[in-house]
2 protein chains.
Amino acid sequence: MAISSESASKSSPAGRVTLDDVAHLAQVSPATVSRCLNRPESVNLEKRTRVKQAIQALGYVPHGAARALASNQSRMVGAVFPAIDNTLFGASLDAFQRTMSDADYTVIVASSTYDPAREKQHVRRMLQSGIDALMLVGLARDDEIYELIRAHGIPYVTVWRSADHQPHPAVGFDNCAAAEHLTDYLFSLGHERIAVFSGILADNDRAQDRLAGVRKSYAKHGHKLADQYLIERPFGVEQGREMLRLIMSQDAPPTAIFCGAEPLAYGAIFEAAAQNIAVPGQVSIAAFDDTWLAAQISPKLTTVRTPNMEIGEEAAKYLIATLSGVQPPLPRPLETDLIIRESTGRPPA
Amino acid sequence: MAISSESASKSSPAGRVTLDDVAHLAQVSPATVSRCLNRPESVNLEKRTRVKQAIQALGYVPHGAARALASNQSRMVGAVFPAIDNTLFGASLDAFQRTMSDADYTVIVASSTYDPAREKQHVRRMLQSGIDALMLVGLARDDEIYELIRAHGIPYVTVWRSADHQPHPAVGFDNCAAAEHLTDYLFSLGHERIAVFSGILADNDRAQDRLAGVRKSYAKHGHKLADQYLIERPFGVEQGREMLRLIMSQDAPPTAIFCGAEPLAYGAIFEAAAQNIAVPGQVSIAAFDDTWLAAQISPKLTTVRTPNMEIGEEAAKYLIATLSGVQPPLPRPLETDLIIRESTGRPPA
DNA sequence: TTTTGATTTGAAAGCGCTTTCAAATGATAA
DNA sequence: TTATCATTTGAAAGCGCTTTCAAATCAAAA
């Protein structure tokens with residue numbers, strides 16, 4: 001029969017400090033406190049300061065779930081990336097998060113590991129969590145996901161791929177054109193046997209776009225990408241090394257390699273060094289992304305600079321604008337730059 | 001005077017599908033539907049299936065905020081990292097997120113950019129969002145933050161640093177011992193002039209620990225770290241390059257360099273190559289983290305492997321266990337490994 | 001058959017806020 | 001001074017769920 005001190009007096013309850021407590025202390029109604037939180041300018045200055053002080057004094061922290069329930073918005077936004085453990089998406093996520101944070105939004109993040117099923121699952125969970133908006137990488141996915149999102153009536157944006165005639169708002173760049181441009185450059189150097197190191201193409205529209213760009217350039221120059229010049233592996237340095245071994249041991253090895261992502265190129269360069277294959281003397285190597293390593297490695301990597309941070313930031317801005325009632329113009333495709341460094345040159349004679 | 005179709009009939013409301021709708025369709029009470037969601041085994045099989053079908057049929061998605069409000073738990077956890085755009089923390093975040101996701105938790109993430117004020121702000125916001133648990137990097141921070149967290153009564157865990165006699169649960173490793181060990185190794189090679197490239201020490205207890213470890217080793221060998229051998233810069237490759245330039249142009253340049261983080265080491269190695277300084281011939285370089293590049297770069301980097309993914313995973317597991325009522329043992333310090341590669345050797349004669 | 005205890009169920013009371021609505025107040029014009 | 005309108009305020013009704021509590025049901029024991 002221990003005596004519990006549970007039943008605290010009404011005037012100073014033991015548990016959480018509520019908005020009502022603040023109202024009490026400040027001698028105003030709960031409604032007024034709420035207004036101070038949401039539209040301070042609509043409250044008389046004197047009361048506003050009283051409330052502010054009461055909040056300070058009590059160390060009041062608003063209850064997010066209660067606010068979300070009552071107001072039907074959570075100030076949380078979701079972002080699902082294929083991966084978050086690399087510089088590429090990391091930079092984007094970082095910018096996205098920072099921009100959102102500055103606008104007083106909190107971000108929920110998840111990585112799909114390039115698996116559509118996981119992505120759908122994450123979207124589901126985020127929707128349940130009550131996110132106000134959502135960011136997704138790429139456009140190609142089950143329509144069911146888009147319907148789910150629409151059913152919840154929240155704005156969303158896809159990134160990393162621009163979409164001229166697409167049904168979905170997109171912040172990104174033209175992967176196909178950029179890839180075509182890079183391949184054109186390789187052709188202009190005199191290469192005709194250009195191999196492609198690609199990430200897994202299934203469920204990755206960015207990778208597909210890039211491959212399409214290469215093909216377009218090939219066609220333009222009256223050639224065709226030979227099957228044995230296309231290798232597909234998960235993104236990774238080791239995979240890049242393996243691909244180089246594979247491709248260079250062919251009967252007619254390529255004189256240039258187009259890498260769909262930078263880790264593949266690093267692997268290729270490292271492996272080339274290990275095998276004493278001169279880059280670009282014997283084989284040129286070019287890639288996508290312009291990560292910090294590109295300009296440091298030897299030979300310095302020729303690569304397409306993609307606007308990773310800008311994507312995160314612009315996507316966030318677009319969502320924020322939409323959420324605040326402005327209907328922002330669909331973001332224009334972002335710029336990419338072909339940065340020519342040392343890893344590409346004329347084909348061997 | 002347009003006729004609005006707003007006032008929908010009760011039986012099929014226009015808006016959101018609620019638990020009550022499901023209850024109606026399944027011919028049970030809302031309470032039963034709720035039980036199906038939370039403790040299905042407590043509901044008669046027949047009704048349970050009826051409810052399940054109704055949920056399917058209506059495409060019902062529970063309202064997270066409402067659940068959170070009523071049940072006082074949100075199934076969301078927070079994680080604040082100093083940065084999320086690099087492989088190091090990225091790997092940790094990824095593992096954390098995956099583990100949490102498997103336990104049906106959603107993760108809110110933010111990066112403090114090594115700024116205590118931002119960190120506090122993020123913690124505040126997350127607490128408001130109603131997180132059930134929190135992960136923080138390192139132990140050293142304003143007590144106010146810890147009090148805030150305690151006031152909310154949620155479990156938390158600090159990471160990246162083990163804490164024997166610390167007042168806070170920690171998942172990490174002994175930075176000091178690992179650094180001491182690495183420095184010992186350098187001494188054992190015959191080095192006596194060992195410089196330290198450190199990240200900014202203020203507000204970074206991991207960096208401080210590592211420096212302490214170096215000092216300990218110095219002392220043990222009867223020497224003392226000279227002031228001009230300690231350089232402090234933000235983490236980054238460019239900074240590493242700059243530091244190398246600085247340190248090697250001194251009157252008595254060091255014969256070995258201890259880098260508190262890998263980007264610094266990469267910068268040093270790249271710059272050494274640019275300046276024709278032999279590594280390890282003229283100067284040995286060693287670092288912390290064992291990121292994917294360490295084994296690829298030339299010379300291959302001698303480095304301390306830190307358990308980045310394990311940290312994320314273990315931290316998540318600890319939190320999950322705590323949340324489910326189990327009081328898990330405080331995690332033991334994780335292991336680090338000194339991985340000796342090519343960038344270290346005997347000092348020049 | 002009745003009794004007992006365990007299991008399953010529903011009614012109803014919130015969780016902590018926002019927001020509508022009408023009342024009160026203040027400022028301005030008549 | 002009174003009438004008019006804009007501004008500030010508070011009372012109260014939810015938001016969509018969980019959870020307590022007591023009633024109903026069921027199975028087993030008497």
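To find a chain, count down the sequence lines: A is the first, B the second, and so on, and within it residues start at 1. Quick caveat, the model's predicted, so the values are computed rather than measured.
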First and last nucleotide of DNA chain D, 5' to 3', lying under 4.0 Å from heavy atoms of chain A: D/dT8 to D/dG16
Salt bridge flag under 4.0 Å for residues [X] and [Y]:
X        : Y       : answer
B/Asp132 : B/Arg75 : no
B/Arg16  : B/Asp21 : no
B/Asp94  : B/Arg98 : yes

Across the strands shown, which category fits [X] at heavy-atom distances under 4.0 angstrom: base, sugar-phosphate, nothing?
X       : answer
B/Ser34 : base
A/Val33 : nothing
B/Asn72 : nothing
B/Ser71 : sugar-phosphate

Short side-chain to backbone donor-acceptor contact, B/Arg161 and B/Gly138, under 3.5 Å: no
B/Thr99 (side chain) donor-acceptor with B/Ala95 (main chain) under 3.5 angstrom: yes
Parallel, tilted or perpendicular: rings of A/Phe81 and A/Phe89 (30°, 60°): tilted
A/Asn44 or B/Ala65, whichever maps to the more 5' nucleotide of DNA chain D: A/Asn44
Given DNA chain C, 5'-ward residue of the pair B/Leu69 and B/Ser29, judged by closest heavy atom: B/Ser29
